[in-house]
Amino acid sequence: MTLNKNWITMKKISLLLTVLFLLPALSYARKEEHPTQDSLKVMSYNIRMGEANDGTNSWNFRFPATGLMLKDQQPDLFGLQEAFGYQVRFIQENFKNYGSYGIGRENGRKQGEHMTIFYNKKVLKMGKKGTFWLSEHPEKPSTGWDAACKRTATWAIFTHKASKRKFIYVNTHLDHVGQTAREEGLKLILQKIDELNKDQLPVILTGDFNVTPDNACLDVLDGRMLSARDTAGKTDHEGTFNDWGRADEIIDYIYYSGFSSCPVYETVTRRYDEWKYVSDHYPITATLIF
């Protein structure tokens, strides 16, 4: 299935998805779980690259589930991993209330996977933004250390309109092969955060880290940031990588610093209509309080 065929298929069915969104019987839209002026709902979502041949779980079959999931969860801010341009455009065209920023990791423009950030324009205002590569040459498309692929981190500085608070958001996808690349990649992310954060702003880091919680690469975050999964008042420890029902591993994370609390963390495992899985990863969400 080529990119063009995928895109044509999505365009044909986009009207169906729009109708689904308008159906009164649709029960997924939930009441606001964080109504206070100083709260923020964040999501990390590995959308599973659209180029993969996953049979009936391929993107051209399952993409409406992503729309239903986003309508249900209504995050204020979320980061995608593995998204190709047409997957990003699907969200852009069906969720006009979100702004976005992200570039392709292969050439710094449109080619390859995007670590795109989406934000609710009514809730947040985006300021400075950028992308760097997790490598010895972060300023240009490059593969770092023992990584199998080019890996990037997308960042932006946001203003939370209701509270007037500013914060830094970083979204990334660590390598699935190279342990050194994962360790050095996280060190680089923290270094870049330090360079950006002269005003000691709150920070959020989301991503598919491709490691379970006992992996040594996460040690660099100790004392610097908190895991939403481990610190939330209401939480779970469900696996985030499902591999279409063949796996059950925690490899996706939301970390934060500078927020007063995290009342809720959730691994979104629910089924949306006929689609058992929205991706081979479950989305994860956290509510953060300034």
Side-chain angles (χ1 to χ4, degrees), residues 1-7 9-10 43-54 57-63 65-66 69-70 77-93 95 98 100-119 129-135 137-156 169-178 181-182 184-186 188-189 192 205-211 240-244 251-254 277-284:
M1 180 67 69
T2 66
L3 186 155
N4 286 337
K5 288 182 180 178
N6 266 328
W7 183 236
T9 302
M10 287 193 302
M43 171 184 286
S44 182
Y45 178 34
N46 183 322
I47 199 170
R48 176 60 168 166
M49 61 175 181
E51 300 295 271
N53 182 5
D54 291 319
N57 289 313
S58 295
W59 173 251
N60 58 306
F61 295 114
R62 66 176 165 87
F63 72 87
T66 288
M69 182 275 293
L70 290 173
L77 178 67
F78 65 96
L80 297 179
Q81 300 93 38
E82 291 196 15
F84 276 73
Y86 51 88
Q87 294 175 292
V88 173
R89 289 196 298 274
F90 166 73
I91 298 174
Q92 289 171 333
E93 292 186 359
F95 292 87
Y98 285 95
S100 63
Y101 165 70
I103 59 177
R105 72 183 187 185
E106 296 303 320
N107 62 359
R109 295 186 293 276
K110 297 182 179 180
Q111 186 179 347
E113 298 176 16
H114 297 54
M115 263 27 76
T116 298
I117 290 171
F118 279 86
Y119 62 98
K129 59 187 182 295
T131 294
F132 57 90
W133 279 258
L134 304 184
S135 77
H137 304 284
E139 72 285 352
K140 62 183 180 180
S142 50
T143 303
W145 304 285
D146 58 348
C149 309
K150 294 182 177 71
R151 299 291 183 177
T152 60
T154 303
W155 63 270
Y169 177 43
V170 183
N171 179 54
T172 194
H173 190 181
L174 301 183
D175 198 64
H176 65 297
V177 173
R182 292 189 287 261
E184 295 301 321
L186 279 177
L188 179 61
I189 287 170
K192 291 293 185 179
L205 171 62
T206 63
D208 173 1
F209 291 179
N210 268 312
V211 295
T240 64
F241 176 57
N242 60 64
D243 193 25
W244 315 118
I251 63 173
D252 300 89
Y253 298 86
I254 298 174
Y277 301 104
V278 297
S279 171
D280 64 342
H281 290 239
Y282 294 119
I284 59 175

With distance as the sole test, does [X] use its side chain to make a donor-acceptor pair with the main-chain N or O of [Y] at under 3.5 Å?
X: S58; Y: N53; answer: no
X: R62; Y: N57; answer: yes
X: H176; Y: N210; answer: no
X: H137; Y: S135; answer: no
X: Q87; Y: G50; answer: yes
X: Y253; Y: V211; answer: yes
X: T152; Y: R105; answer: no
X: N171; Y: G102; answer: no

Exercise for review: Look at the rings of Y98 and F95 and say which category their plane angle falls in: under 30° parallel, 30 to 60° tilted, over 60° perpendicular.
Suggested key: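 Aromatic pair Y98/F95 classed perpendicular.
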
Point to revise | Side chains of F241 and D280 in contact at under 4.5 Å (non-hydrogen atoms) | key: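 With C-beta onward as the side chain, the pair touches.
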
Check your understanding: Can you find a pair of side-chain heavy atoms, one from L134 and one from I189, that are under 4.5 Å apart?
Key ->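 Touching, per the 4.5 Å side-chain cut-off.
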
Exercise for review: Answer with yes or no after comparing the ring centroid distance for W59 and F90 against a 6.0 Å cut-off, counting only values under it.
Suggested key: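 Judged by ring-centre distance (under 6.0 Å), W59 and F90 do meet the cut-off.
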
Point to revise | Ring centroid separation F78 to Y45 under 6.0 Å | key: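 No, ring centres 6.0 Å or more apart.
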
Exercise for review: Using only heavy-atom distances, determine whether the side chains of R48 and H281 contain a donor-acceptor pair under 3.5 Å.
Suggested key: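 No, no side-chain donor-acceptor contact under 3.5 Å.
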
Practice item. For Q81 and S44, test the side chains for any donor-to-acceptor distance below 3.5 angstrom and give the result as yes or no. Key: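 Checked: Q81/S44 side chains pair up, N/O donor to acceptor below 3.5 Å.
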
Review point. How many angstroms lie between CE in M69 and OG1 in T66, if you round to the nearest 0.5 Å?
Key: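 OG1 of T66 is found 5.5 Å from CE of M69.
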
Exercise for review: Look at D175 together with R182 and state whether they make a salt bridge at an N to O cut-off of under 4.0 Å.
Suggested key: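 Judged by the 4.0 Å cut-off on N to carboxylate O distance, D175 and R182 do not form a salt bridge.
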
Practice item. Under the side-chain hydrogen bond (donor to acceptor under 3.5 Å, both in side chains) rule, what do T154 and Y169 come out as? Steps first, then yes or no, please. Key: CA-CA 8 Å; T154 303; Y169 177 43; over 6 Å; no

